[in-house]
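Indexing begins at 1, ligand by ligand and atom by atom, following the structure's order.
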Amino acid sequence: MKYTIAVIPGDGIGPEVTTQAKKALDAIAETYDHIFLYKEAQMGACAIEKTGDPLPVETIEICKKADAILFGAIGELKYDNDPSLKVRPEQGLLRLRNELELFCNITPIKIYPKLIKNAPLKKEIIAETDIAIYRELSAGIYFGKKEVSKDKKSAFDVCSYTVEEISRVTHLAFKAAQERKKKVTLVDKANVLETSRLWRKTVAKIGKQYKDVALDFMLVDNAAMQIVLHPKQFDVILSENLFGDIISDVACVIGGSIGILASSSIGEKNALFEPIHGSFPKAKGKDIANPLASILSAAMLLEYLGLHDEADAIQRAVEKSLDLGITTQDLKGKNQYAASTAKVGDFIADYIANQEDSNLNFTNIHMGQSTII
Ligand code: IPM
Ligand code: MN
């Protein structure tokens, strides 16, 4: 089959890691007889530099026409260090979510046994954790009216939700739970916020249509604590935009590395796939960034296109790279040999193309030569 994939490398390490994800996709295309047509587009600080706009119109057009979008990262130190700058890279991503109505962000939190030792939490606590976070992505405080008063001494951000905005992401969360451990936990602040009370009412009503799924509610402050204390109690976590943003990052700690977590942002017509990690400007251009999260984003993209065997092939290749320790510095001890970003990408592509372990030439792997005899 032929697919068009919009590729937005973005800022910082974004271009390096998406290059590796494309290597993996090329290996999939070759092995499973598909054609992936990449259409590159600009967004973020790089787009501001070139066009003055963090989201040029043609980027929106390319994304709308594509079957799926692969995105790298957004943000640069210049903007982090100066919050007063009016035109900001992040506005590009927020506007794209809005334009494409990407209303649901899904972050799977999975534990790779090989990485348990990297996690700051105890093995007994995190082993076998398997959570999917469903975050509402196109409404709430992110997109409400915001203003600074004339005298600059006060400001506000409005958080508002409609039943419809709550319902569409809720249905996706329940459907996902039906295929998993059949539990949804709604994370909110219903003891304080009116929007949270609307969420509870709406989600409880929808829950009745999914009789095989258990529903419970948790206040967000408690949830932040429970996720690190006892993560195994969760299956699907459902939350509004801002709480979902924070909870997703808290949950990332469980996996032992933010460098291997991917996420998808889904709408009715479009879907975008990206690593959880940001643009990591200090590592830019050094060939040291971990490409696995971007490569796993490509696997999620294939899953979305219905290419399940192909997605599995990427997943297996990533697991093999972790098993063999062909990974970047962030997953290694101080004096251990680490592979470069590009070498990890080469290994993954090689493994996808030659999935027999017997084909691996282990002595060559560390030499950075082809891993295939
Ligand atoms: C994310 C990011 C964004 C968000 C930023 C970059 C605006 O943290 O994708 O989770 O807060 O949504
Ligand atoms: Mn975030």
> Does the ring of Y38 carry K22 above it, NZ/CZ under 6.0 angstrom from centre and within 45° of its axis?
Replying inline: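 Yes, K22 lies over the aromatic ring of Y38.
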> Do other residues, nucleotides or ligands put more than 12 heavy atoms under 6.0 Å from the NZ atom of K146?
Replying inline: yes
>> With a 6.0 Å cut-off (strictly less than), is the heavy-atom count around CG of D33, excluding the residue itself, greater than 12?
In response: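 Atom CG in D33 is not packed in, count stays at 12 or less.
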>> Go through it in stages, so that I can follow the logic: the residues are F71 and F273, the test is ring-ring contact (aromatic ring centres under 6.0 Å, His included), and I'd like the CA-CA distance, side-chain angles, deciding distance and then a yes or no.
In response: CA-CA 6 Å; F71 168 52; F273 301 84; over 10 Å; no
>> Contact between ligand 1 and R135 is defined here as a heavy atom of the residue under 4.0 Å from a ligand atom; is it met?
In response: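 The answer is yes, since R135 has a heavy atom less than 4.0 Å from ligand 1.
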> Which class fits the ring pair F36 and H34: parallel under 30°, tilted 30 to 60°, perpendicular over 60°?
Replying inline: tilted
Pair up each side-chain donor or acceptor in residues 203-210 with any protein partner under 3.5 Å, not counting sequence neighbours, and list the distances.
from	atom 1	to	atom 2	distance (Å)
Y210	OH	H171	ND1	2.7

Closest protein heavy atom (residue, atom, distance) for [atom]:
atom: atom 6 (C) of ligand 1; value: E90 CG, 3.8 Å
atom: atom 1 (C) of ligand 1; value: R97 NH2, 3.6 Å
atom: atom 11 (O) of ligand 1; value: Y142 OH, 2.5 Å
atom: atom 8 (O) of ligand 1; value: D245 OD1, 3.5 Å

> If you measure from CD1 on I131 to CD1 on I227, what distance do you get to the nearest 0.5 Å?
Replying inline: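 Rounded to the nearest 0.5 Å, the CD1-CD1 separation comes out at 6.0 Å.
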>> Quick check: E274 and ligand 1, any N/O pair under 3.5 Å apart?
In response: no
>> I need the protein N, O or S atoms closer than 2.8 Å to the Mn ion (ligand 2), given as residue plus atom name.
In response: D245 OD1
Listing, residues 46-53 side-chain donor-acceptor contacts under 3.5 Å, not counting sequence neighbours, or none:
from	atom 1	to	atom 2	distance (Å)
T51	OG1	A47	O	2.8
T51	OG1	D53	N	3.1
T51	OG1	D53	O	3.1
D53	OD1	L55	N	2.9
D53	OD1	R95	NH1	3.2

Which atom pairs, one a donor and one an acceptor, fall under 3.5 Å between side chains of residues 105-121 and the rest of the protein, sequence neighbours left out?
from	atom 1	to	atom 2	distance (Å)
N105	OD1	T107	OG1	3.3
N105	ND2	S263	OG	3.4
N105	ND2	S264	O	3.3
N105	ND2	S265	OG	3.1
Y112	OH	Q315	NE2	2.7
K117	NZ	K114	O	3.3

